[in-house]
Amino acid sequence: MSTSTEWTPALWTDTFNELLNDDNELDYEDQWSLNFSYSHSDTLTKEEKKRGWKIYCHCAYGRFKCGSCDKTWPSARVVVLFRYRLRSEAGRGTVIIRPFGQACRSCQDDTFYHPGFVKKDVEQALLRLFGKIRKNCYGEDSDDDDNGSSTCSAKVRTKPHEKTLCEACIKGIFCQDE
């Protein structure tokens, strides 16, 4: 399996649909959809909270490629932010995903590049998300062994995380992994 450096929304959408339809990860009668936003933050307004929106911040392993110099680099601290809600009266659930980018250390041009993921890491992120949805939208007991609202993937170590090159860190969004 290759290590992609390209942000591929279709990989997320296809995996989301496979987990819902083939694996019955959310075994309820509600229809769930996955959308993308590249501007959402990790805070909800009072109005959004009233409308049932929740947030889950996931930290994953991904790869990046600079659009200027073509340098590639891995990161074990790629932040993916999920907003989700269930409108039970309508039988519809919505998930909005926002990936956070990283800038190239060589170019330092303040351009953030979106991460690339392999299917295994996308699946892991979505399974964690579905656990949060089952707990927060359907009242299921959580089988998760994480107690926080955020998580990092299995410990894959790369070079030390450079917060000054990380879009999420610059915006004050951190996944709690320690």
K.L.:
Does atom CG of Asp110 have more than 12 heavy-atom neighbours from other groups under 6.0 Å away?
P.N.:
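No, the 6.0 Å shell around CG holds no more than 12 heavy atoms from other groups.
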K.L.:
Is there a path of hydrophobic side-chain contacts, each under 4.5 Å between heavy atoms of I/L/V/M/F/W/Y residues, joining Leu127 to Leu129?
P.N.:
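Yes: a chain of side-chain contacts under 4.5 Å links Leu129 to Leu127.
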K.L.:
Who pairs with Thr94 by side chain to side chain contact (heavy atoms under 4.5 Å, CB included), at least two apart in sequence or on another chain?
P.N.:
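Per chain and number, Thr94 pairs via side chain to side chain contact (heavy atoms under 4.5 Å, CB included) with Ser33, Asn35, Trp53, Ile96.
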K.L.:
If you take the centroid of each ring, where Trp contributes its six-membered ring, are Phe130 and Phe16 closer together than 6.0 Å?
P.N.:
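Distance test on ring centres: under 6.0 Å, yes.
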K.L.:
For Lys119, is there an ion pair with Glu18 - N to carboxylate O distance below 4.0 angstrom?
P.N.:
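Salt bridge present between Glu18 and Lys119.
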K.L.:
Test: salt bridge (Lys or Arg N to Asp or Glu O under 4.0 Å). Region: residues 23-46. Which pairs qualify, not counting sequence neighbours?
P.N.:
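Counting only pairs at least two positions apart or across chains, the salt bridge (Lys or Arg N to Asp or Glu O under 4.0 Å) contacts touching residues 23-46 are Glu25-Arg134.
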K.L.:
Using the ring of each side chain (for Trp, its six-membered ring), is Phe64 parallel, tilted or perpendicular to Trp73, with breaks at 30° and 60°?
P.N.:
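Judged by the thresholds at 30° and 60°, the geometry between Phe64 and Trp73 is parallel.
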K.L.:
Would you check if the side chain of Ser37 reaches a backbone N or O of Ser39 as a donor-acceptor pair within less than 3.5 Å?
P.N.:
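Yes; at least one donor-acceptor contact below 3.5 Å.
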K.L.:
Please, which pairs that meet salt bridge (Lys or Arg N to Asp or Glu O under 4.0 Å) have at least one residue in residues 47-56, sequence neighbours excluded?
P.N.:
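Non-adjacent pairs meeting salt bridge (Lys or Arg N to Asp or Glu O under 4.0 Å): Glu48-Arg83.
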K.L.:
Checking Tyr84 now: which residues fulfil ring pair (Phe, Tyr, Trp, His ring centres under 6.0 Å) with it, not counting sequence neighbours?
P.N.:
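None.
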K.L.:
Using modelled atom types and a 3.5 Å cut-off, is there a donor and acceptor pairing between side-chain atoms of Asn136 and backbone atoms of Lys132?
P.N.:
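Checking the backbone N and O of Lys132 against the side chain of Asn136, a donor-acceptor pair under 3.5 Å is found.
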K.L.:
With the threshold set at 4.0 Å, does a side-chain nitrogen-carboxylate oxygen contact exist between Glu162 and Arg105?
P.N.:
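Yes, this pair counts.
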K.L.:
Sequence neighbours left out, what passes ring pair (Phe, Tyr, Trp, His ring centres under 6.0 Å) with Phe100? Give chain and number order.
P.N.:
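Counting only residues at least two positions away or on another chain, Phe100 forms no ring pair (Phe, Tyr, Trp, His ring centres under 6.0 Å).
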K.L.:
Not counting sequence neighbours, which residues clear ring pair (Phe, Tyr, Trp, His ring centres under 6.0 Å) with Trp32? List them please.
P.N.:
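Applying ring pair (Phe, Tyr, Trp, His ring centres under 6.0 Å) to Trp32 gives none.
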